[in-house]
Amino acid sequence: MSLNSFKKLKSRVLVTEEGEVCPKCGSKEIIVDFDSGELVCSKCGLVIGKSIFMEGRDWRSFSTEEFRERARAGAPVTPARTEYGLDTKIAYTKRISWRALTSLRRSQRYARTRREKNIMPALIKLRAAAERLDLPTHTVEDAAKLYRMAASKGLVKGRSVNAMVAAVTYAACRRTEVPRFLEEIASFFNLSEKEVGRTFRFIFRKLKVKIPPPKPEIYVSRIVSKLRLPQSVTIKAIKALRIAREIGITLGREPAGAAAGAVYLATQMEGISRTQKELAKAVLVTEVTVRNRYREFLEKVMPILKEEAESPPPSMED
DNA sequence: AAGACGAAAGTGGTTGA
DNA sequence: TCAACAACTTTCGTCTT
C-alpha cells in the first residue's frame with residue numbers, strides 16, 4: 001500500500017504487524033479502522049482483530065473517587081482529550097521505510113493541528129472546572145462532546161471560549177442529572193449567570209439539542225448530605241416529590257425549591273429540626289420559596305402521603 | 001432572641017399577540 | 001417588539017417557641 005492510498009483512507013492507519021496475515025486472501029496489508037477500532041484487511045475487508053487501541057490507562061485521576069469511576073468505565077477513548085486520547089498512538093511497522101513513516105507522522109500531526117488545536121484550551125479549562133466542581137467522568141465527557149459539536153458548527157467563533165465551556169459544562173450537568181447550579185458554574189468561570197445562560201440557550205437552540213428541566217429529586221441527596229440528614233428523610237422527600245409530580249404541583253416551579261420544600265416536610269415528619277434558612281441555603285433559594293413549597297406540600301401532598309402509609313402494606317416497588 | 005409565617009412590592013424571564 | 005403574566009426574591013411586621 002502506497003502512502004498516497006493511505007492518505008485517501010484518512011481515518012485509517014496502516015499497521016501491518018510482523019507475521020500478521022489475512023487468513024482469507026493472504027494479504028499482509030492490515031489496517032486499523034479508527035471508527036471501530038478494528039483490525040481490517042485492506043484488500044478484502046475481513047475483520048481480523050478486535051482492537052489495537054492501547055489497553056492500559058491513558059487517563060489520570062484526581063482523586064480515588066474519580067479513579068474508581070474511570071476504572072469502572074474502562075474506556076480508553078474519551079472526547080475529553082484531544083484526538084479522543086488517541087493522538088500519539090499511531091502506526092508502527094517494520095515494513096514501511098523510515099522516510100515514509102516520518103512523512104506519515106508529519107501528516108498526522110498536521111491533521112491534529114488543524115482539527116484539534118482550536119479546542120485544546122477549551123478542554124484544559126473544562127478539566128480544571130470538572131476537578132473543582134467535582135463532576136463525574138461521564139459528565140465531563142458529555143461536556144467535551146457538546147463542545148466539539150458546537151465547535152464543528154462554528155458556534156465558537158467570535159464568542160468567548162470561557163462562556164462556551166461554562167455553557168457546555170452546565171448543559172452536561174443537566175443532561176447527566178448532576179445537581180449543579182448555573183450560578184456555581186458561572187462563578188467558577190468568573191462570568192455572570194446571565195452571560196452563561198445566554199450562551200447556553202444560544203448553542204442549544206442552534207444545535208437542536210433538547211435539555212429537559214432538572215428533576216427535583218436530584219437535589220434531595222445534595223441537601224441531605226449537606227445538612228447531614230438521615231436516609232429516612234431522603235426516602236420521605238422523594239416520595240413526597242413523586243406525589244407532587246402526579247398531582248402536578250411541581251410543573252413550572254423551581255425544582256431546587258420544590259426539593260427543599262419536600263425535604264423540609266420530611267424533616268418535620270421525622271421530628272428533626274432544621275431551619276428553613278438552612279434548607280434554602282443548600283439549594284440557593286430563599287426561605288420564602290421553601291416556605292411556599294412546604295405549604296403546598298402540607299396542603300396537597302401530606303393527605304395522600306398519609307393515606308398511602310396507612311392503607312396497603314408497603315409494596316416491593318417502593 | 002431566633003425562627004416561622006404571610007403580605008406587599010420589585011425583578012427577570014417567558015409567552016402570545 | 002411589547003405587554004401581560006407567573007414564579008421567585010426582598011423586605012418587613014407579627015406571631016410562636
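Residue numbers start from 1 in every chain, and the chains themselves are labelled A, B, ... in the order their sequence lines are given, proteins ahead of strands.
- Looking at DNA chain C, the stems built from 3 or more consecutive Watson-Crick or G-U wobble pairs, each pair with its key distances under 3.5 Å, are B:1-11 with C:7-17, B:13-17 with C:1-5.
- Between the side chain of A:Arg180 and the backbone N or O of A:Tyr170 there is no donor-acceptor pair closer than 3.5 Å.
- What separates CZ of A:Arg291 from C1' of B:dA2 is a distance of 13 Å, to the nearest Å.
- Between the CG atom of A:Asn292 and the P atom of C:dA7 there is a distance of 11 Å, rounded to whole Å.
- In this entry the distance linking NZ of A:Lys277 with P of B:dC5 reads 15 Å, nearest Å.
- Looking only at distances, no side-chain donor or acceptor of A:Glu296 sits under 3.5 Å from a matching main-chain atom of A:Arg293.
- In this structure, the CD atom of A:Glu254 is 16 Å from the P atom of B:dG12, given to the nearest Å.
- Between the A:Glu131 side chain and the A:Ala128 main chain, no donor and acceptor come within less than 3.5 Å of each other.
- Side-chain nitrogen and oxygen atoms of A:Tyr264 include at least one within less than 4.0 Å of the OP1 or OP2 phosphate oxygen of B:dA4.
- A:Arg274 comes within 4.0 angstrom of sugar-phosphate atoms only, judged by non-hydrogen atoms across all strands, and of no base.
- Put simply, A:Arg295 has a side-chain N or O that comes within less than 4.0 Å of OP1 or OP2 on B:dG6.
- Distance A:Lys194 NZ to B:dG13 C1': 10 Å, rounded to the nearest Å.
- Separating the CD atom of A:Glu296 from the C1' atom of C:dA6 is a distance of 12 Å, rounded to the nearest angstrom.
- Annotation: side chain of A:Lys239 is not in contact with side chain of A:Lys236 (no heavy-atom distance under 4.5 Å).
- Closest non-hydrogen pair, A:Ala260 versus A:Val283, comes out as CB-CG2, 3.7 Å.
- The distance between atom CZ of A:Phe200 and atom P of B:dG13, rounded to the nearest whole Å, is 14 Å.
- OP1 or OP2 of B:dG3 has not a single side-chain nitrogen or oxygen of A:Gln276 nearer than 4.0 Å.
- Proximity of A:Arg293 to the phosphate of C:dC8: a side-chain N or O atom is located under 4.0 Å from OP1 or OP2.
- Atom-to-atom, CG of A:Leu265 to C1' of B:dA4 comes out at 15 Å; the value is rounded to the nearest Å.
- Contacts between residues 278-288 of chain A and DNA chain C, defined by a heavy-atom separation below 4.0 Å, involve A:Val285, A:Thr286, A:Val288, listed by number.
- Relative to the ring axis of A:Phe202, A:Arg159 places its NZ or CZ within 45° and under 6.0 Å from the centre.
- Salt bridge status for A:Glu193 with A:Arg198: absent, with no side-chain N to carboxylate O gap under 4.0 Å.
- Of the possible polar contacts, one joining the A:Arg274 side chain to the A:Leu227 backbone as a donor-acceptor pair under 3.5 Å is found.
- Ring planes of A:Tyr294 and A:Tyr264: perpendicular class, angle over 60° (limits at 30 and 60°).
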